[in-house]
Colleague: 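Dropping a structure here in structure tokens format, bear with me for questions.
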Amino acid sequence: MREIIKAGALAGAVAALAMVGATGAEAAPAAGSLHGCPSGAVCVYPQNAGWNGDRPSLAFYSYGAHNLHNQFGQHYVLNNQTDGATARTCTGVNGTGDCQGYLGVGYYVDKDLTPINSILLVRP
């Protein structure tokens, strides 16, 4: 009976983790490096590489717009800024066009960057 209870608990835990992964967002404190993204930065990971062994391909630190070049397909975008700063993806250069969402501190999104031309770091 004990083995059945353990198996049920394990199945429940796996299902809960699967649901968190399926949301495309993960909350975590931005007290230090998170998946290789330094504290205070918004990081982009290589196409179709997940966390890429905790090695981002781009890191942006300053508030304002950061233009993207040659970024196509699915990428993780992680906000590891501090003090409640958010990040937005924009279809135009220099933070213009359709700027989508407000990615909070400690959250990431698995995003198709093909139509995205800039990432906007927004001061709280």
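Residue numbers run from 1 in the order of the sequence given.
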Colleague: A41 and A59: which non-hydrogen atoms are nearest, and at how many Å?
Modeller: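 Minimum heavy-atom separation between A41 and A59: CB-CB, 4.4 Å.
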Colleague: Mind checking whether S118 and C99 have side chains closer than 4.5 Å, heavy atoms only?
Modeller: no
Colleague: Is there a side-chain contact between T89 and V109, using heavy atoms and a 4.5 Å cut-off?
Modeller: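 Answer no - side chains too far apart.
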Colleague: Looking at side-chain heavy atoms only, is the closest gap between T82 and S39 below 4.5 Å?
Modeller: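 Yes; the side chains approach each other to less than 4.5 Å.
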Colleague: If you compare all heavy atoms of S57 against all heavy atoms of P46, which two are closest, and at what distance to 0.1 Å?
Modeller: OG-N, 3.6 Å
Colleague: Using atom types as modelled and distance alone, determine if a side-chain donor or acceptor of N117 lies under 3.5 Å from a backbone N or O of C90.
Modeller: no
Colleague: Quick one: CG on D110 to CG on N48, what's the gap to the nearest 0.5 Å?
Modeller: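 That separation rounds to 8.0 Å.
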Colleague: List the steps, then state whether side-chain contact (heavy atoms from CB on, under 4.5 Å) holds for L121 with Y61.
Modeller: CA-CA 8 Å; L121 279 59; Y61 294 91; 5.9 Å; no
Colleague: Please determine whether the number of non-hydrogen atoms from other residues, nucleotides or ligands lying under 6.0 Å from atom OH of Y63 exceeds 12.
Modeller: yes
Colleague: Tell me if a side-chain donor or acceptor on N79 pairs with a main-chain N or O of A85 at a distance below 3.5 Å.
Modeller: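 Checking the backbone N and O of A85 against the side chain of N79, a donor-acceptor pair under 3.5 Å is found.
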Colleague: Quick check for you: to the nearest 0.5 Å, what is the distance between R55 atom CZ and C43 atom SG?
Modeller: 13.5 Å
Colleague: Test T114 against D112 for side chain to side chain donor-acceptor pair (under 3.5 Å), laying out the working first.
Modeller: CA-CA 6 Å; T114 303; D112 179 3; 2.8 Å; yes
Colleague: Can you see which heavy atom on Y45 is nearest to which on G50, and at what distance?
Modeller: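 Of all heavy-atom pairs spanning Y45 and G50, the closest is CB-O, 3.4 Å.
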Colleague: Should V122 and L103 be regarded as members of a common hydrophobic cluster, given that ILVMFWY residues are connected when their side-chain heavy atoms come within less than 4.5 Å of each other, either directly or indirectly?
Modeller: no
Colleague: Shared ILVMFWY cluster between L120 and Y108, side chains joined below 4.5 angstrom?
Modeller: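 Each belongs to a different hydrophobic cluster.
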Colleague: Side chain to side chain donor-acceptor pair (under 3.5 Å) between N67 and N94: does it pass, once the steps are laid out?
Modeller: CA-CA 6 Å; N67 292 330; N94 300 320; 3.0 Å; yes
Colleague: Is it the case that the side chain of H75 and the backbone of K111 share a donor-acceptor pair, with hydrogens and angles ignored and the cut-off at 3.5 Å?
Modeller: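 Judged by distance alone, no pair lies under 3.5 Å.
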Colleague: Start with the C-alpha gap between I116 and Q100, add the side-chain angles, then the distance that decides, and say whether side-chain contact (heavy atoms from CB on, under 4.5 Å) holds.
Modeller: CA-CA 10 Å; I116 303 302; Q100 305 148 355; 3.6 Å; yes
Colleague: Look up atom CD1 in I119 and atom NE2 in H66, then write down how far apart they are to the nearest 0.5 Å.
Modeller: 8.5 Å
Colleague: When you compare the side chain of Y76 with that of N52, does any pair of heavy atoms fall below 4.5 Å?
Modeller: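 Counting from C-beta outward, N52 and Y76 never come under 4.5 Å.
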Colleague: How long is the span from the CG atom in L34 to the CG atom in L78, to the nearest 0.5 Å?
Modeller: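 L34 CG to L78 CG: 5.0 Å, rounded to 0.5 Å.
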Colleague: Return yes if some donor-acceptor pair links the side-chain N/O of T91 with the main-chain N/O of D98 below 3.5 Å, else return no.
Modeller: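 Pair found, side chain donor or acceptor close to backbone of D98.
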Colleague: Measure from the side-chain N and O atoms of Q81 to the backbone N and O of T86, and report whether any donor-acceptor pair falls under 3.5 Å.
Modeller: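 Answer holds: yes.
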Colleague: Can you check whether D54's main-chain N or O pairs, donor with acceptor, with H35's side chain at less than 3.5 Å?
Modeller: no
